Novice: 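Before anything else, here's the structure in question.
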Amino acid sequence: MTNRGASRVVAAVLAGLLLALAGPAAAELRVFVTNEKSDDVTVIDAATGRVLATIPVGKRPRGVTASPDGRRVYVSNSNSDSVSVIDARALTVVRSAPAGIDPEGLTLDPAGVALYVVNENELSVTILDPATLAVLKKLEVGKEPETAVASPDGKWIAVSNETSNDIHFIDTASKTVAARVAVPKNPRGMRFTKDSRQLWVASEQTNEVSVIDVATAKVLRSAPTGGGRPVDVMLSPDGARAYVSHGQSADVRVLDTDSLRVLTIIPTGPRSWWMALSPDGRFLYVTVGRANEVAVIDTQSNAVVRRIPAGTLPWGIAIAEVP
């Protein structure tokens, strides 16, 4: 072998080693925001805060959720009675389909095999196949259902019902309603704890948060937030803090999860609505409807560190780790 040939072999081997050491490319964190009045979705690069795209969808988009693999984002269009599916990398709508009357909140089970869509005006949940958007089943729930969240262990879907003032728990194995729990008036946002043993609920009209024991289907405790019209609740990765957004008092309040005491108040803006937390727990994204923007909170300093323009009247928000 000539010296030139040997050099080429060595270079090829070194290049292969570098590729092996580098491993797969890191996923890109993207934030998807539904805008009720402009009928579109704002897509934000989480690393830079830059708006990557504005994607037209159906009429009055509200709920939004990302698939576990980060490849698809599902949006409910309340006034079009449909769900739109966005390719999270290409940032295009790849499919739309009927999803019951007035779809609002929606969530995927952690396995990504069923999409649960809340239908506010027909008091039901439509369960769709995420791949085909075919209807798998329809379930009756309470009055004016608002949103749905999935337990991390994949066993439960919780649905909040604003007018009947209760939470319905859907068993994902049987796809049936297994329990109903009464809560303070006008429940909206919810989050399961990481171990799936508790569900935290924000009640808008009583300005409270409640904690439900999932095993017994009973409210363990409730406490005032001190703010006006709490909408959503988010839990820190270590479970030590609860973040509660408020539409009327225009803030996010940080609660100690042991004592339910308010630790700090973070001004965010009018109609602070739904929230999403970065996977590392460092940044909390909040839709600020009346300001047409997203407020980004640094959870270490408990301060707004960035404001990003969205469409008209931003509502829902979800984060996708896009491969």
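All of these numbers come straight from a predicted model, not from anything done at the bench.
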Novice: Would you check if there is a donor-acceptor pair between the side chains of N77 and S82 at a distance under 3.5 Å?
Specialist: yes
Novice: Going by atom types alone, do T126 and N119 pair a side-chain donor with an acceptor below 3.5 Å?
Specialist: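 Side-chain D/A pair, T126 to N119: present.
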Novice: Judged by modelled atom types alone, do S84 and S96 share a side-chain donor-acceptor pair under 3.5 Å?
Specialist: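 Yes, because at least one side-chain N or O of S84 sits under 3.5 Å from a partner of the opposite role on S96.
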Novice: Answer yes or no: is there an ion pair linking D39 with K59, defined by an N-O contact shorter than 4.0 Å?
Specialist: yes
Novice: Could you tell me whether D238 and K194 make a salt bridge, using a distance below 4.0 angstrom between a side-chain N and a carboxylate O?
Specialist: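 A salt bridge is absent here (no side-chain N lies under 4.0 Å from a carboxylate O).
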Novice: Give a yes or no on whether a salt bridge exists between E36 and R271, defined as a side-chain N under 4.0 angstrom from a carboxylate O.
Specialist: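 Looking at E36 and R271, the cut-off is met.
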Novice: Could you tell me whether R253 and D251 make a salt bridge, using a distance below 4.0 angstrom between a side-chain N and a carboxylate O?
Specialist: yes
Novice: Is E122 salt-bridged to K138, cutoff N-O under 4.0 Å?
Specialist: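 K138 and E122: salt-bridged.
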Novice: Would you mind checking if E120 and R62 are paired as a salt bridge, meaning a charged N to carboxylate O distance below 4.0 Å?
Specialist: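 Between E120 and R62 there is a salt bridge, with a charged N closer than 4.0 Å to a carboxylate O.
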Novice: For the pair E162 and K143, find out whether any cationic side-chain nitrogen is under 4.0 Å from an anionic carboxylate oxygen.
Specialist: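 No salt bridge links E162 with K143.
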Novice: Do the side chains of E28 and R89 get close enough for a salt bridge, i.e. N-O under 4.0 angstrom?
Specialist: yes
Novice: Got a salt bridge between D166 and R180, using NZ or NE/NH1/NH2 to carboxylate O under 4.0 Å?
Specialist: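 Looking at R180 together with D166, the answer is yes, because their closest N to O distance falls below 4.0 Å.
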Novice: Ion pair present between D45 and R30, side-chain N to carboxylate O less than 4.0 angstrom?
Specialist: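 Not counted as a salt bridge, because no side-chain N and carboxylate O are separated by less than 4.0 Å.
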Novice: M234 and V244: same hydrophobic cluster, using ILVMFWY side-chain contacts below 4.5 Å?
Specialist: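 Unlinked, M234 and V244 end up in two clusters.
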